[in-house]
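A, B, ... follow the sequence lines: proteins, then strands. Residue 1 opens every chain.
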Amino acid sequence: MTTGELFPETLALPGLTSLPGFALAEEQALLQTIDTVAARAPFRRMKTPGGKEMSAAMTNCGAAGWVSDARGYRYARLDPQSGQPWPKMPDSFRTLAQRAAAQSGFPGFVPDMALINRYEPGARMALHQDIDERNFAAPIVSVSLGLSAIFLWGGPKRTDKPARLPLHSGDVLVWGGTARKYYHGIAPIKTGEHKLTGATRFNLTFRHAL
DNA sequence: CAGTCGCA
DNA sequence: TTGC
């Protein structure tokens, strides 16, 4: 299977737009910007309400950050680890997300935050819904950087069998409308090497959360 | 409270 | 994959 024949499948997945290589030219700059955010709000592995540690490490930028702990999932205006506001959303992040959304049929998208996930080999994201945001009219814009991954794209019910979509550095995914609350996840990351990140995958997820 | 971004 |  080559990458060339993978993406046309995406067009058959209603509500999901795949933009292969959309951010490839900005890859290095985006990674540097992630470092800048992480210098002020370090990556950390949060606990689920059930008390288990997530395998992906996370941080946030923008007006609020997605957090999980014993109290549940929610958006918080302050980083619980520092008590300080999350780092500002970099202009380059916002511009990228707006361009990707506009190209995918969401011209008015103005993200107010970005969740940044960091995956090492073996890390995963179980099938879940993005439902903690207040604005479900706004889409989700997801940017992959570094190590490749298999994106799991389910449906409105968790029992819907997910499609498996390979994602590579620079790929952008946008979902919204009827698919806004569809279940999705990331299969366990396979070991590998990326020229800029080594054995690490980063994912930027832009939302209108507040 | 229900579900569960995890787990068996 | 499904139930907790």
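Contact annotation for Ser68(A): no contact, since no heavy-atom pair falls under 4.0 Å across all strands.
Nearest nucleotide to the Trp66(A) side chain, out of dT1(C), dT4(B), dC5(B): dC5(B). When distances run from any side-chain atom of Ala126(A) to the nucleotides dT1(C), dC5(B), dG6(B), the shortest one goes to dG6(B). Side chain of Asp132(A), nearest nucleotide from dC5(B), dG6(B), dT4(B): dC5(B).
Atom pair Arg201(A):CZ and dC5(B):C1' shows a separation of 14 Å (rounding to whole Å applied). When the P atom of dT4(B) is taken as reference, atom NZ of Lys181(A) falls 13 Å away, rounded to whole Å. Spacing between atom CZ of Arg45(A) and atom P of dG6(B) amounts to 11 Å, rounded to whole angstrom units. Remark: P of dG6(B) and CE of Met54(A) are 5 Å apart, rounded to the nearest angstrom. In this entry the distance linking CG of Asn203(A) with C1' of dC5(B) reads 12 Å, nearest Å. Distance, Met58(A) CE to dC5(B) C1': 6 Å, rounded to whole Å. Atom-to-atom, CG of Asp69(A) to P of dG6(B) comes out at 15 Å; the value is rounded to the nearest Å. Between the NE2 atom of His184(A) and the P atom of dG6(B) there is a distance of 11 Å, rounded to whole Å.
Taking both residues in full, the closest heavy atoms of Trp86(A) and Ala64(A) are given as CD1-C, 3.6 Å, listed atom of the first, atom of the second, then distance.
Annotation: Trp175(A) is not in aromatic contact with Phe106(A) [ring centroid separation under 6.0 Å not met].
Side-chain atoms of Arg158(A) come within donor-acceptor range of the base of dG3(C), with a qualifying N/O pair under 3.5 Å.
Thr200(A) and Arg118(A) share no side-chain donor-acceptor pair at under 3.5 Å.
Between Phe136(A) and Lys181(A), some side-chain heavy-atom pair lies under the 4.5 Å cut-off. Using a 4.5 Å heavy-atom cutoff, the side chains of Asn135(A) and Phe109(A) are not in contact.
Residue Tyr183(A) has a polar side-chain atom (N or O) positioned under 4.0 Å from OP1 or OP2 of dT4(B).
Look at dC4(C): its Watson-Crick or wobble partner, with both distances under 3.5 angstrom, is dG6(B).
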